[in-house]
Amino acid sequence: MLSKTVAELAGALTRKEVSARELTQAYLDRIHQLNPALNAYVTITAEQALAQADAADARRAQGNAGPLTGIPIAHKDIFCTRGVLTACGSHMLHNFIAPYDACVVERLEQAGAIMLGKTNMDEFAMGSSNETSWFGPVRNPWDQARVPGGSSGGSAAAVAASLCAMATGTDTGGSIRQPASFCGLTGLKPTYGRVSRWGMIAFASSLDQAGPLTHSAEDAALMMNAIAGTDLRDSTCLELPFEDFTAQLNQPLSGLRIGLPREHFTKDLNPAVQAILQEAIRQLELLGATFKEVTLPNNYLSVPAYYVIAPAEASANLSRFDGVRFGYRCANPANLDDLYKRSRGEGFGDEVKRRIMVGTYALSAGYYDAYYIKAQKIRRLIKQDFDLAFNEVDLILGPTSPHTAFKLGEKVSDPVTMYLEDIYTIAVNLAGLPGMSLPAGMLNGLPIGMQLVGPSLSESRLLNVAHQFQKNTDWHTQRPEV
Amino acid sequence: MALDKNDVEKIAHLARLQINDTDITEVAQRISNILGMIDQMQSVDTSAVSAMAHPFDAGQRLRADQVTERNQRDYYQTIAPATQDGLYLVPRVIE
Amino acid sequence: MSWETVIGLEVHVQLATNSKLFSGSATAFGAEPNTQASIYDLALPGTLPVMNEEVLRMAVSFGLAVDAEIGKRSVFDRKNYFYPDLPKGYQITQLEFPTVGRGSLKIQLENGSEKTIGITRAHIEEDAGKSLHEDFQGMSGIDLNRAGTPLLEIVSDPDLRNAKEAVAYLKKLHSIILYLGISDGNMSQGSMRCDANVSVRKKGATEFGTRTEIKNVNSFKFVEKAINYEVQRQIELIEDGGRVVQETRLYDSDKDETRSMRSKEVANDYRYFPEPDLLPVIIDDEYIAAVRATLPELPAARCARFVSGYALSAYDADVLTSDRAMADYFEAVVTLCGDAKLSANWVTVDLLGLLNKSDLSISESPIKPEQLGTMIARIKDNTISGKLAKTVFEALADGETNVDQIIESRGLKQVTDSGAIEKLVDDVIAANPDQVAQYRAGKDAVFGFFVGQAMKISKGKANPAQLNELLRNKLKAD
């Protein structure tokens, strides 16, 4: 039962094969059993979950349940949850009981989803392996010696290990898509502005987007229906009419033009990954899609540009963590400077401090033009590459990650190598486009994803393609033995 | 761009981060490596390109001038490290 | 050696909105600490700014009032620095693309001429909170009620050449702001705060001298004193062979001196960059036209109208229109009594004298415009003389409210019955034969004596015009 998709569970709840309370209790039991090894959750809200489950059952009995009513969910610990610890993977917020709910949390609660707890993550979402968390690393359910990816690693591991039916994630440079690829899930990063950032602890404000981590595209569509939409509390949230992301799932793919970026299919790409992508391409061709080569000539600059823009924004976003109004405060500060420097020095981990310093440097007098402005110009070039490509094709397909999940500790000592993990995903954030990763195959017992990228607001199309692919393949139905 | 100990101290001060003396060399090395990777950008001519601060070109949505918040000081201060008489306490601020 | 002073002012005006610039918190002055600080104002993680439309309207209306270019695409930036009264660790402000661009305003100099002062720009930004330095076990207390209150920072060109000009400019700005109703302009509460950039150079030099910035001077008087002190300090320093250091200085009004603020960082590096949580504010001609249509008549235009419409002197018109409330008061009085000249005299001389003496603003005046208007109307219709009107005025100032009752109860009504006045004149002539003889011998100056005597007997109530006429006739006739 617990390994079912959201759509399947919703059916079971409707047919009264199971109650929300039973389902919730079953997930809580499994969390209790498996979480100590996986470390996917940092907070488990059992009592609250059961209360929500009872409310969901009552709502279903009254006949006004939606598709997510009674479905257990896990929230990445980057989303503020009223009355519940919201630590963002950091010692800095180890005691931060948020006094308010994030918009995403609020909307999923309104839809009737049941929060099981908060999931582990890279500290302040800065990482690609979940190893920078103050709460320790998360283990990949497919192989516990390996990382689940990051930064939404806890959410991905929780869904993969059936410790919840679905989870929220956030994606600043690949933090939903890469863990989805490593854990065999469907993960969608929506168009920038689709989902409100209110209550989502900011890493890089112009890049951050929340999105779903699920077993299937259909599940992702159901979650998108709940979380997308205008929120007046976020000035950058787009004003759009309600969109039913499930409406186009069953459109045929005939006539669909898919681009294959020349720069992603080079000899640098692992041949085994390449072969898996070729098989997926063949499958989509059978479904009616046509393929052609496109070019994203500036993609190679996306990692450098990102590592200026994201740290620059982060360096300011993280200034509020100063030990004055909330969060960690050093013991016995000698003076104001000491309060700031030690609270921040002791509260933040190494990777966070490193990025704050890179960002501070990039914005400082004398370097602003050479780094920050330069990166913003390159950001435009990257966006233009996509614009040109989308004149010729409807979507772009490529790898999500250069390889399958790597071993814990394998890359953590070398930041630059770790940063290059995101070479295929980062450009999508810089351009503000929707991108998703879905399971495309298995390699040595580990899942590997493929990435679909579309023009602005093309989520329904992406989900449609993914759903059609999933109707004809079974990679997304595979579950690890934990 | 390679940073030295001095540069790191300056940046760490601007960012109000305490870095232990024993770590400075390593921090300088790592940040220098990152900056080395970033410097790939410098080889591209962007003189004709305009900077892009945001994923989309749109105007800002404004809100009406209405008071929508009520006093929740006591609740908000339950998570504060140090308060007295409704004030947040910090080591003495010298003007 | 002859020196020239160069002054530029940065004026922070707190905009009189109901709610803050980027949050729905109230902006009332004097609330209990941190009771007007929302999760956004406290910079709790995950919170985001949403801009108050009224702030934009106010900024644009100011821009139009000083003939400034209006930024059709204004951009907010983050100014980064750490300070406990700055919860986010950055201030949201406008660096490169402010809402209000280059403009100007005219000030009147003491010699009666006008001078145009350039306004470099005016940008929207957030105010900071307050650090309270009372002793909390050796700690400071932070109150964030003010954090996020909208400010308009108005930056002048370095066009001011002495402290008096600086004050005239500041008063003009103050007047415009009050006319627009965009701020209460209360300097003692910090709704209008002034930083002065001051330097000196040898007369005729083209390069500017090194400037110092005097922070947060909170009254017109102190602006003048602080600048004068600082100018003198700089001149003496240079003449003694020293050099002015570019620094921030604080004016101490108790000691009447400026002193260096040592705690401000030696070299601040604010690391400005565009605020990613906010898109550019885009406005079009239609918006600007709509704001323009709501602008009130501004001081300069009103002054001109007072001269042409009411035939006031330029001086009186300027005094009356410098303060919107005063001009409104004056016009209310004129409407009631129909005599602009008389109204102008009573308002600028008697009323202003009264207010100055008790340090009140026009809106706090104990005499309401309806009362003054009625009183002047009673002068016009000969119920009372101008002289006895002073008694009425004083009674009003002391809190009495009804003009006619004051006249009645004190018997101030003027005698206009010609029979009664004739008798009075006859009595005075009969009682003073010597003076009558002198007058008739050609000593015209004695005439005043008869008027005085008649007024004394009538207790000042005889209608002066009638009295004069009868006296002349009678003195001539016999």
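From a predicted model like this one, the values you see are computed outputs, not experimental measurements. Chain identifiers are assigned alphabetically (A, B, ...) following the order of the sequence lines, protein sequences preceding nucleic acid strands; residue numbering begins at 1 within each chain.
- At a 4.5 Å heavy-atom cutoff, the contact between B/V44 and chain A is made by backbone and side-chain atoms alike.
- Using a 4.5 Å heavy-atom threshold, the side chains of A/E263 and A/Y300 count as separate.
- At a 4.5 Å heavy-atom cutoff, the contact between A/R329 and chain B is made by side-chain atoms alone.
- With chain A as the partner, the residue from B/P91, B/A80, B/A82 showing the most heavy-atom pairs under 4.5 Å is B/P91.
- When each of A/Y192, A/F326, A/F348, A/F96 is checked for heavy-atom pairs under 4.5 Å with chain B, A/Y192 comes out on top.
- Between chain B and the options A/K353, A/R342, A/E313, A/R325, heavy-atom pairs under 4.5 Å are most frequent for A/R325.
- In summary, A/R344 and A/D322 do not engage in a salt bridge, as defined by a charged side-chain N under 4.0 Å from a carboxylate O.
- When heavy atoms are compared at a cutoff of 4.5 Å, A/S205 does not approach chain B at all.
- Put simply, of B/R30, B/M41, B/K10, B/M37, the one with the most heavy-atom pairs under 4.5 Å next to chain A is B/M41.
- Between A/F321 and A/F124, the ring center distance clears the sub-6.0 Å criterion.
- Highest contact tally toward chain A, considering only B/S43, B/P81, B/A53, B/A58, is held by B/P81 [criterion: heavy-atom pairs under 4.5 Å].
- With chain B as the partner, the residue from A/I373, A/N95, A/L381 showing the most heavy-atom pairs under 4.5 Å is A/L381.
- Remark: side-chain polar atoms of A/S319 are paired, donor with acceptor, to backbone N or O of A/S315 under 3.5 angstrom.
- B/R61 places a side-chain N or O within donor-acceptor distance of the main-chain N or O of A/C237, the cut-off being under 3.5 Å.
- Contact of A/Q384 with chain B is not made at all, since no heavy-atom distance falls under 4.5 Å.
- For A/Y306 and A/Y419, the distance between ring centers is not under 6.0 angstrom.
- In this structure, the side chains of A/R233 and A/C103 come closer than 4.5 Å at one or more pairs of heavy atoms.
- No other option in B/S50, B/A12, B/A15 has as many heavy-atom pairs under 4.5 Å with chain A as B/S50.
- Summarising the local packing, CZ of B/R70 is surrounded by 12 or fewer heavy atoms from other residues, nucleotides or ligands at distances under 6.0 Å.
- With a 4.5 Å cut-off on non-hydrogen atoms, A/I309 does not touch chain B at all.
- Interface residue A/P415: only side-chain heavy atoms are found under 4.5 Å from chain B.
- Between A/D350 and A/R354 no salt bridge is recorded (no basic side-chain N to carboxylate O distance below 4.0 Å).
- Put simply, of B/I11, B/D23, B/I19, the one with the most heavy-atom pairs under 4.5 Å next to chain A is B/I11.
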